[in-house]
K.L.:
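Below: one structure in structure tokens.
As a basis for the values below, the full set of heavy atoms in this structure was taken, side chains included, without hydrogen atoms, waters or symmetry mates.
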Amino acid sequence: RGPELATTSWAAPVRAPDGTEPRERVTLTIPAIEAAAEGWFIVTGASKRDMVAHVLSDERSDVPAARVTARDGVTWLLDRAAGGRVSEPE
């Protein structure tokens, strides 16, 4: 978790990884996201498969997406490639 997420502000400046444009970005922080009535993640591509499985299976994950909550819940929309390691809910 980056220091920009450990704040009470609703937005924070961040620097993108090398080779990614634009370099300077603004991100919503966890408090801003949690203030929403609903949370939505839209994830595509096989490159995200392992991280999606990790976030959805590990309640103690330190990945920011794992900590997102919202009053009315969080919905994950995954294509087949991104959701390849996620089991169906029972």
K.L.:
Distance check, rounded to the nearest 0.5 Å: T69 atom OG1 versus I30 atom CD1?
P.N.:
8.5 Å
K.L.:
Once rounded to the nearest 0.5 Å, what's the spacing between atom CD of E34 and atom OG1 of T29?
P.N.:
9.0 Å
K.L.:
If you define the side chain from C-beta out and look only at heavy atoms, does anything of V26 sit under 4.5 Å from V14?
P.N.:
no
K.L.:
Which atom pair, heavy atoms only, marks the closest approach of A65 to W76?
P.N.:
CB-CH2, 4.3 Å
K.L.:
If you compare all heavy atoms of V52 against all heavy atoms of V43, which two are closest, and at what distance to 0.1 Å?
P.N.:
CG2-CG1, 3.6 Å
K.L.:
Is any NZ, NE, NH1 or NH2 atom of the basic residue among D62 and R67 found under 4.0 Å from an Asp or Glu carboxylate oxygen of the other?
P.N.:
no
K.L.:
Could you see if L77 belongs to whatever hydrophobic cluster contains V86? Use Ile, Leu, Val, Met, Phe, Trp, Tyr and a side-chain cutoff under 4.5 Å.
P.N.:
no
K.L.:
Kindly give the heavy-atom pair with the smallest separation between A70 and A37, and that separation in Å.
P.N.:
CB-O, 3.6 Å
K.L.:
What closest approach, in Å, do R85 and A53 show between heavy atoms, and which atom pair accounts for it?
P.N.:
CB-CB, 3.8 Å
K.L.:
Indicate the atoms forming the closest heavy-atom contact of R49 with G84, along with that distance.
P.N.:
NE-CA, 3.9 Å
K.L.:
How long is the gap from CD1 on I33 to OG1 on T27, to the nearest 0.5 Å?
P.N.:
6.5 Å
K.L.:
Counting C-beta onward and ignoring hydrogens, is there a side-chain heavy-atom pair between V74 and F41 closer than 4.5 Å?
P.N.:
yes
K.L.:
Tell me, do R15 and R25 make a side-chain contact under 4.5 Å, heavy atoms counted?
P.N.:
no
K.L.:
On a heavy-atom basis, which atom in M51 and which in V63 lie closest, and how many Å separate them?
P.N.:
SD-CG2, 3.8 Å
